[in-house]
Amino acid sequence: PLSRLHDGRQQMRPIARRLRRATYRAGWEGGYPEIVKENKLFEHYYQELKIVPEGEWDQFMEALREPLPATLRITGYKSHAKEILHCLKNKYFKELEDLEVDGQKVEVPQPLSWYPEELAWHTNLSRKILRKSPQLEKFHQFLVSETESGNISRQEAVSMIPPLLLNAHPHHKILDMCAAPGSKTTQLIEMLHADMNVPFPGMLWTALWRVGMPLCWVYMRKRCLQLRIATRGAEQLVEGGRMVYSTCSLNPIEDEAVIASLLEKSEGALELADVSSELPGLKWMPGITHWKVMTKDGQWFTEWEGVPHSRHTQIRPTMFPPKDPEKLQAMHLERCLRILPHHQNTGGFFVAVLVKKSSMPWNKRPPKVNITERTENVENSGSKKDGVCGPPPSKKMKLFGFKEDPFVFIPEDDPLFPPIQKFYALDPSFPKMNLLTRTTEGKKRQLYMVSKELRNVLVNNSERMKVINTGIKVWCRNNSGEDFDCAFRLAQEGIYTLYPFIKSRIITVSIEDVKILLTQENPFFRKLSSETYSQAKDLAKGSIVLKYEPDPTKPDTLQCPIVLCGWRGKASIRTFVPKNERLHYLRMMGLEVSAEKKKEGTVVAQQSAGSCGPPGDEASAEHGAEPAASADSSEDMSPDVSVDAAPGPSGPAPAEAALPR
């Protein structure tokens with residue numbers, strides 16, 4: 001009760017959901033009383049703490065009783081994100097500018113003033129309103145499809161703040177210690193992957209699968225208290241590194257009390273950074289330096305000495321502010337940021353940025369052996385079982401959940417790899433030691449890839465951590481792979497990671513070629529440009545890379561590079577691209593795609609007025625060309641069998657290759 005008096009808007013979310021459902025049913029069934037959003041103890045607690053400026057209490061409470069606006073963030077590589085932003089602003093938002101529904105003007109979504117480059121937006125449009133207009137319904141379908149593709153993320157505005165203040169760059173290593181539900185984690189990985197020319201940023205582990213990055217590791221661990229988590233994070237932090245502590249609470253026991261205790265324990269090793277100028281446009285209040293502790297029955301305590309012994313299990317000394325005025329002043333708790341709901345129509349939030357100046361007092365001892373050195377020693381000694389990183393065999397640690405298949409790194413002398421290396425002319429710098437699979441027996445059907453740093457972590461911690469998910473799929477075994485020079489075809493999921501290492505079987509295509517390849521199942525060479533044909537005609541049958549490079553001299557055309565996995569057949573080319581990703585690229589090129597099935601089994605894709613991309617001809621998409629691939633699909637789906645079609649995957653992916661689950 002003491003540490004869970006969250007911001008009222010967080011507490012009232014389930015109530016608001018029930019209220020919306022009850023209101024909807026009441027219209028038909030005649031029925032439920034309105035839910036009163038009041039909590040007297042909550043109001044008493046925060047009024048007494050004076051966390052809201054004088055004269056603003058009513059606005060504060062009114063904001064808590066209103067539903068949060070929907071907020072979205074444009075994700076992915078920077079160049080792709082800019083194209084989605086261009087599409088949103090110049091097509092969908094423009095169509096809403098003069099739109100009226102039920103006599104009321106529709107409010108156009110607005111950018112979050114403090115988020116860089118207009119990549120985050122908020123809107124008060126409800127689902128009910130979205131269904132009342134064709135333009136709004138089209139906008140809604142766009143959001144749903146792009147969200148399923150991972151190009152747009154629904155994320156509460158205030159949760160976008162910590163990754164921005166962490167100021168992550170591709171060379172950084174990041175540990176996300178509280179990664180559920182994962183929106184901040186996703187945002188951090190996107191910051192590391194902003195530049196598509198950097199295939200392997202240095203992030204170690206996190207809880208994420210939807211965006212498909214090769215540097216992620218998902219694992220289970222017991223939940224800890226906030227101070228323990230923060231302390232452990234500070235121990236792991238490199239000197240000069242930055243740690244962001246945040247909560248969706250306005251309770252100082254979860255906020256300033258944790259920071260004050262951590263600073264006191266660090267004995268100068270940590271200090272609060274002044275980030276007041278890092279997010280221009282964000283409204284915030286400074287951290288507080290004095291607070292009291294209240295029990296659930298309303299009893300107040302101002303210091304630990306006044307707490308009766310019977311309450312010591314509920315109330316701890318670290319919940320109170322430091323008593324020494326000089327120590328308190330030196331902590332600069334005012335550098336913490338408090339986000340109040342009524343200032344910018346957000347949830348309540350707290351964030352503090354800490355910088356590590358030196359080792360924590362209890363860590364000032366000779367450094368341990370470098371992890372890379374340990375990896376080499378382990379591998380050279382052969383004590384690891386052929387690179388198997390499976391469930392820990394130790395009986396000392398009991399792990400719950402499903403039994404996971406082991407992660408097995410491909411041995412350096414595995415005969416599986418040389419044909420792949422030769423077929424795709426992989427660059428000598430390709431890190432083949434970082435390839436892994438999820439089976440110890442039989443044919444390897446899926447090959448995954450991780451970064452060097454992540455490989456070190458996996459190899460050195462297999463007996464201490466239960467690894468649930470890791471790596472990104474880069475190759476899939478063909479149905480009739482032995483009939484070709486290479487048994488493995490490229491996987492779209494990992495093509496942007498793999499592409500920088502591939503030096504052969506790359507075909508540069510035009511924007512018109514891309515439209516044809518994405519809207520037709522197996523277009524013959526004659527349907528493609530002469531330049532594309534001249535590149536394809538001398539290639540042997542098998543997996544290929546189709547690369548579109550934007551032309552900066554034609555700003556009205558698509559200005560982000562596209563890399564697609566394809567198959568060079570006897571007289572045609574096809575793509576292996578999941579449905580949502582296919583629709584995404586078509587929209588970015590200005591084609592309006594309808595999911596309505598026609599009698600002949602096609603999906604209409606046509607140029608629309610005010611479209612995102614350049615004008616083009618109408619095109620029909622072969623509906624059977626690429627069956628829908630769900631967000632958690634472990635395989636790019638194959639087309640219907642035809643003489644010239646690429647060999648598809650050999651049936652459903654086996655359990656050991658089903659990533660993610």
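Since this is a predicted model, take the numbers as computed values, not measurements.
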Check Thr123 against Glu107 and note the closest heavy-atom contact, atom names and distance.
OG1-O, 4.5 Å
According to the interplanar angle, ranging from 0 to 90°, do the rings of His44 and Trp300 count as parallel (below 30°), tilted (30 to 60°) or perpendicular (above 60°)?
perpendicular
If you measure from CG on Leu88 to CH2 on Trp121, what distance do you get to the nearest 0.5 Å?
7.5 Å
Quick check: do Leu282 and Ile339 have side-chain heavy atoms less than 4.5 Å from each other?
yes
I'd like to check Ser276 versus Asp274 (side-chain heavy atoms, cut-off strictly below 4.5 Å). Are they in contact?
yes
Any chance you could lay out the side chain to side chain contact (heavy atoms under 4.5 Å, CB included) test for Arg338 and Ile288, step after step, and finish with the verdict?
CA-CA 9 Å; Arg338 289 181 149 264; Ile288 60 178; 4.1 Å; yes
Kindly compute the distance separating CG (Leu85) from CD (Glu118), expressed to the nearest 0.5 Å.
6.0 Å
Any Val450 side-chain heavy atom under 4.5 Å of Phe409 side chain
yes
So His312 and His309, would you call those rings parallel, tilted or perpendicular, with 30° and 60° as cut-offs?
tilted
If you round to the nearest 0.5 Å, how far is CH2 of Trp114 from CE of Met160?
6.0 Å
Indicate yes or no for a side-chain donor-acceptor contact from Ser153 to the backbone of Gln155 under 3.5 Å, with no hydrogens or angles considered.
no
Any donor-acceptor pair under 3.5 Å linking the side-chain atoms of Glu254 with those of Thr247?
no
Kindly determine whether Leu227 and Thr231 satisfy side chain to side chain contact (heavy atoms under 4.5 Å, CB included), including the steps that lead there.
CA-CA 6 Å; Leu227 182 55; Thr231 303; 3.9 Å; yes
Working to the nearest 0.5 angstrom, can you tell me the gap between Asn434 CG and Arg455 CZ?
6.5 Å
One should read off an interatomic distance between Lys78 NZ and His80 NE2, to the nearest 0.5 angstrom, of 13.0 Å
Lys NZ or Arg CZ of Arg438 over Phe407 ring: under 6.0 Å, within 45°
yes
Heavy-atom distance under 4.5 Å between the side chains of Phe350 and Ile259, does that happen here?
yes
Worked check of side-chain hydrogen bond (donor to acceptor under 3.5 Å, both in side chains) between Ser358 and Glu239
CA-CA 6 Å; Ser358 61; Glu239 288 184 29; over 6 Å; no
Got a sec: does the CD of Gln47 have more than 12 other heavy atoms crowding it under 6.0 Å?
yes
Step by step, would you call Arg65 with Glu43 a salt bridge (charged side-chain N to carboxylate O under 4.0 Å, His left out)?
CA-CA 13 Å; Arg65 295 188 176 102; Glu43 294 186 40; 3.6 Å; yes
With a cut-off of 6.0 Å (strictly less than), are more than 12 heavy atoms of other residues, nucleotides or ligands near NZ of Lys82?
no
Looking at Glu305, I'd like to know if its CD atom is crowded, meaning that more than 12 non-hydrogen atoms belonging to other residues, nucleotides or ligands lie closer than 6.0 Å.
yes
Glu56 and His343 side chains, donor-acceptor separation under 3.5 Å
yes
Atom CG of Leu165 and atom CG of Leu279: how far apart are they, to the nearest 0.5 Å?
4.5 Å
If the threshold is 4.0 Å, N to carboxylate O, is there a salt bridge linking Arg242 and Glu278?
yes
